[in-house]
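Just below is one structure, and these are the notes that go with it.
Only heavy atoms go into these numbers, but all of them, side chains included; no hydrogens, no water, no symmetry mates. In this text, all values refer to a predicted model and were calculated from it rather than measured experimentally.
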Amino acid sequence: MSGLLYLAWRHAVARRWRVLLVTLCVTLSLWVPWTAARLAARYDRSLRARAEATPLVVGAPGNRFDLTLSALYFRENALDPITYRDFERVEEEGLALSIPLHQRYTARRKPIVATSPEYYEFRRIGCAEGRLPLRLGECAVGATAAEELGLGPGDALHSDPTELYDIARPPALKMRVSGVLAPTGGPDDDAVFCDVRTAWILEGIAHGHGEREELDEDLVVGEANGTVAYSGALIAFAEVTPENEASFHYHGDSEGLPLTAVICVPPDDKSRTLLKSEINARDLALCVSPAEVIDDLLGVVFKIKRFFDLVGGFFVATTAALVALVFLLATRLRAGELRTLDRLGAPRSAARALVGVEVLAVTAMAVLLAGLASEFTVRWLPNLVSAF
């Protein structure tokens with residue numbers, strides 16, 4: 001057997017480019033379906049885990065997929081907001097812990113998620129540095145976002161302006177970074193968190209007023225005979241400071257303040273069923289179970305995946321047939337070489353064994369390379385769930 005291995009090795013060295021090309025073809029045909037299957041399984045587990053950990057989500061009536069993806073993965077959507085009164089109605093039911101969410105703005109293209117302190121306890125999120133945002137105008141940055149943006153406790157982060165040239169729109173808010181959250185491996189790592197009251201400043205509903213000496217810039221309201229007139233009472237602060245924090249107030253009814261969703265955490269299945277039925281019966285809001293929504297969504301996705309699995313199987317079978325043809329043609333070209341084995345007194349099966357050893361060696365090398373490539377891809381590919 002050692003003699004056959006030596007002959008197979010010497011032949012592979014002599015025909016190194018052909019052997020390398022065949023090995024790479026087999027590697028590629030195995031790497032694609034293996035990696036796709038592993039990634040699909042990983043994303044399936046990640047999506048289902050976050051959805052199953054979130055019992056109920058309440059939002060405006062509309063597309064349940066948009067509502068779920070927005071509340072769980074901070075994906076932008078065009079759903080109408082609900083009001084703070086809707087949040088109070090859910091609390092009045094007394095059937096679940098209610099956590100408000102507001103997610104309509106960004107800071108350096110990272111979603112700004114406004115919520116209450118209960119959210120961090122619910123998601124089991126702690127701070128790696130600093131502390132959680134408790135005051136108006138403060139924010140905490142997810143681990144990935146903090147690394148990408150180079151932020152830490154004490155730094156400043158500006159929200160992205162919604163309308164750059166429209167002075168009637170609220171200006172960008174300069175937020176103070178109170179802490180950096182510990183990594184979670186989910187979408188929380190790529191978000192910016194603040195108190196829900198800070199989101200209402202971004203909406204332009206809550207704002208403060210001041211005198212001229214408190215302002216960085218003056219708002220010109222008239223100019224005549226070289227005299228400039230301004231009104232400090234009309235200027236909204238672009239930053240919340242200890243000096244002006246007390247001046248911030250809301251305009252209009254506080255019950256009409258906007259939210260994008262409410263996460264509900266009932267203590268048991270009975271309370272969960274009663275709360276969902278009660279909210280949906282009113283037709284004023286939509287209550288969904290994220291686990292059921294993600295199941296339906298993944299059901300559609302995996303139907304498509306089965307088609308691509310068939311394509312991958314056909315690809316593997318085609319590659320195997322082509323490799324077999326290559327070895328068959330190579331064996332015919334080596335007929336004189338193989339007859340030499342007979343003349344040297346080798347058994348008649350030696351020629352077939354030699355070709356078999358070469359096929360097994362190429363297959364083993366391709367399997368090893370495909371496994372390593374698949375592991376590298378799965379390990380180093382960015383977490384698509386966090387950016388879902």
(request) Can you see which heavy atom on L259 is nearest to which on V262, and at what distance? (result) CD1-CG2, 4.5 Å
(message) Please identify which of these residues, P81, S70, P111, meets the side-chain contact (heavy atoms from CB on, under 4.5 Å) condition with R104.
(response) P81
(request) Please lay out, stage by stage, how R379 and S374 fare under the test side chain to side chain donor-acceptor pair (under 3.5 Å). (result) CA-CA 8 Å; R379 184 179 296 271; S374 178; over 6 Å; no
(request) Verify, without hydrogens or angle tests, whether S98 (side chain) and C264 (backbone) share a donor-acceptor contact under 3.5 angstrom. (result) no
(message) So does G152 get a backbone contact from the side chain of D155, meaning a donor-acceptor N/O pair under 3.5 Å?
(response) yes
(request) Say whether V22 and L369 are linked into one hydrophobic cluster, either directly or through other cluster members, by side-chain heavy-atom distances under 4.5 angstrom. (result) no
(message) Is there a path of hydrophobic side-chain contacts, each under 4.5 Å between heavy atoms of I/L/V/M/F/W/Y residues, joining L151 to V180?
(response) no
Please determine if [X] and [Y] form a salt bridge, counting it only when a charged side-chain N lies under 4.0 Å from a carboxylate O.
{"X": "D188", "Y": "R124", "answer": "no"}
{"X": "R108", "Y": "E148", "answer": "no"}
{"X": "R64", "Y": "D296", "answer": "yes"}
{"X": "R197", "Y": "D195", "answer": "yes"}
{"X": "R272", "Y": "D268", "answer": "no"}
{"X": "D190", "Y": "K110", "answer": "yes"}

(request) Verify the distance criterion only: is there a donor paired with an acceptor across the side chains of T35 and W31 at less than 3.5 Å? (result) yes
(message) Listing request: all salt bridge (charged side-chain N to carboxylate O under 4.0 Å, His left out) pairs with a residue in residues 87-97, at least two apart in sequence or in separate chains.
(response) R85-E88, R85-E92, D86-R89, E93-R282
